[in-house]
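I have placed the structure first, in the form of structure tokens, so that the comments after it can refer back to it.
Counting starts at 1 for both ligands and their atoms, in listed order. Numbering of residues begins at 1 and proceeds along the displayed sequence.
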Amino acid sequence: MNSLSEALLKGDLRALSRTLSLVEDRRGDYLEILEELYRLAGKAKIIGVTGPPGAGKSTLVDRLIRHYHGKGLRVGVVAVDPSSAFSGGAILGDRVRMQDWATVEGVFIRSMATRGHMGGLAAATNDALVVLDAAGFEVILVETVGVGQDEVDIIREADTVLLVLVPGMGDDVQALKAGVMEIADVFVINKADREGVERVERELSQMLALAPDDSPAPPVVKTIATTGEGIDELAAAVEEVHSTERPEALLRRRDLERHRHRFMKLLSERFMDRFLTRCTTEEELERLFEALADREVDPYSLVESVLDMVPWAEVCGSVIRRPGS
Ligand SMILES: Nc1nc2c(ncn2[C@@H]2O[C@H](COP(=O)(O)OP(=O)(O)OP(=O)(O)O)[C@@H](O)[C@H]2O)c(=O)[nH]1
Ligand SMILES: [Mg+2]
């Protein structure tokens, strides 16, 4: 076994941090480590927390850490920082709160930057979840701002998705509909101390009534994250969704969907990476692009010739039809 995975499995937190850095930057032995750790993962309860900027996600996450830690569970957190431009002050708040947990045994918090990921933010974040899961964290909270495809791809990995809304969102409830609305398992109306709670509740239930499928309506929980009000109810709703509410077939479908997605993403990420590292140099690529720009070659036949070189018969015969052989 890789020495880093070994140390991490023994509970070495520095090894855990280093592993997460390798995974995040796609460097070193990260693939070998992920292969090893993946086999040990799959036990954690992953809770995704998403919603618009400033909705109180971090404050809720802080409360949920307290809740689960208080039950004696080991809690991991992956906070995907929104790009600094649009949430200056809140981030500082996050950091301060997070620092409070930095020295607490059984709690581990990791921030992921949103920029500069080779294989995409979603891939890096999902692999970070595998690492934390294998490292024995029983509950893993993932915070993302619920906009953009990356965030949807991240939150898709969660077993339970909490969508955080706030009073006074107005048309924003409508705007969130695409993507996250469909995958939310629990709706949280945070900042319930503010005016307009009934209104957002009403809009939400109208929207949920329009849902086409026949699965049970997801629970709606009101919270005041700053005081902790409603957190026990929220945890209970998560528990219930997790244990009884969803029929087996639905969970299976979701799991298959998740693995389909992960496989496709990984295949394209790795394929591209192999091509770039094994096949070409920067200079060669540059020349290739120049030839394309000068229209000496066309991109269609070029890509087809690359793919024609792959021994497809072998790939399909042994890897796909007999996985694991
Ligand atoms: N009144 C009130 N304020 C809250 C509540 N929950 C959070 N806040 C405040 O709302 C602000 C934003 O909270 P955060 O937890 O940082 O929100 P966030 O969704 O994580 O923000 P981003 O990560 O920047 O998207 C902070 O000033 C919180 O103190 C609440 O229930 N009621
Ligand atoms: Mg936050």
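- Using a 4.5 Å cut-off between side-chain heavy atoms of Ile, Leu, Val, Met, Phe, Trp and Tyr, with links allowed through other members, Met1 and Leu34 fall into the same hydrophobic cluster.
- Considering backbone and side-chain atoms alike, Ala192 places every N or O at 3.5 Å or more from each N or O of ligand 1.
- Close approach of ligand 1 to Val145 is summarised as follows: ligand atoms under 4.0 Å from at least one heavy atom of the residue are 25 (O).
- Side-chain N/O atoms of Ser58 and Glu143 include a donor and acceptor closer than 3.5 Å.
- Residue contacts with ligand 1 include Glu143, since one or more of its heavy atoms lies under 4.0 Å from the ligand.
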**OP:** Report the C-alpha distance between Val166 and Ile189 in whole Å, list the side-chain angles of each, state the deciding distance to 0.1 Å, and finish with yes or no for side-chain contact (heavy atoms from CB on, under 4.5 Å).
**Re:** CA-CA 5 Å; Val166 288; Ile189 300 177; over 6 Å; no
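- With respect to the Mg ion (ligand 2), Glu143 has OE2 as its nearest N, O or S atom.
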**OP:** Take Arg252 and Leu256 through the side-chain contact (heavy atoms from CB on, under 4.5 Å) test and state the conclusion after the steps.
**Re:** CA-CA 6 Å; Arg252 183 69 182 165; Leu256 290 178; 4.1 Å; yes
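- When non-hydrogen atoms are compared, ligand 1 lies under 4.0 Å from the side chain of Asp193 (C-beta onward) but not from its backbone.
- Close approach of ligand 1 to Ile224 is summarised as follows: ligand atoms under 4.0 Å from at least one heavy atom of the residue are 31 (O).
- If you look at Thr59 next to ligand 1, the close heavy atoms, those under 4.0 Å, come from the backbone and the side chain alike.
- For Glu284, the CD atom sits in a packed shell: over 12 heavy atoms of surrounding residues, nucleotides or ligands are nearer than 6.0 Å.
- Taking 2.8 Å as the criterion, Thr59 does not count as a coordinating residue of the Mg ion (ligand 2), since none of its N, O or S atoms falls below it.
- A salt bridge links Asp153 with Lys265: the closest approach of a Lys/Arg side-chain nitrogen to an acidic carboxylate oxygen falls below 4.0 angstrom.
- For Arg262 (side chain) and Glu257 (main-chain N/O), no donor-acceptor pair under 3.5 Å exists by modelled atom type.
- For the atom pair Glu138 CD and Asp133 CG, the distance stands at 10.5 Å (nearest 0.5 Å).
- Close approach of ligand 1 to Pro53 is summarised as follows: ligand atoms under 4.0 Å from at least one heavy atom of the residue are 25 (O).
- Near Asn190, the atoms of ligand 1 lying under 4.0 angstrom from a non-hydrogen atom of the residue are 5 (C), 6 (N), 7 (C), 31 (O).
- Per-residue contacts place Ser58 under 4.0 angstrom from the following atoms of ligand 1 (heavy atoms of the residue considered): 15 (O), 18 (P), 20 (O).
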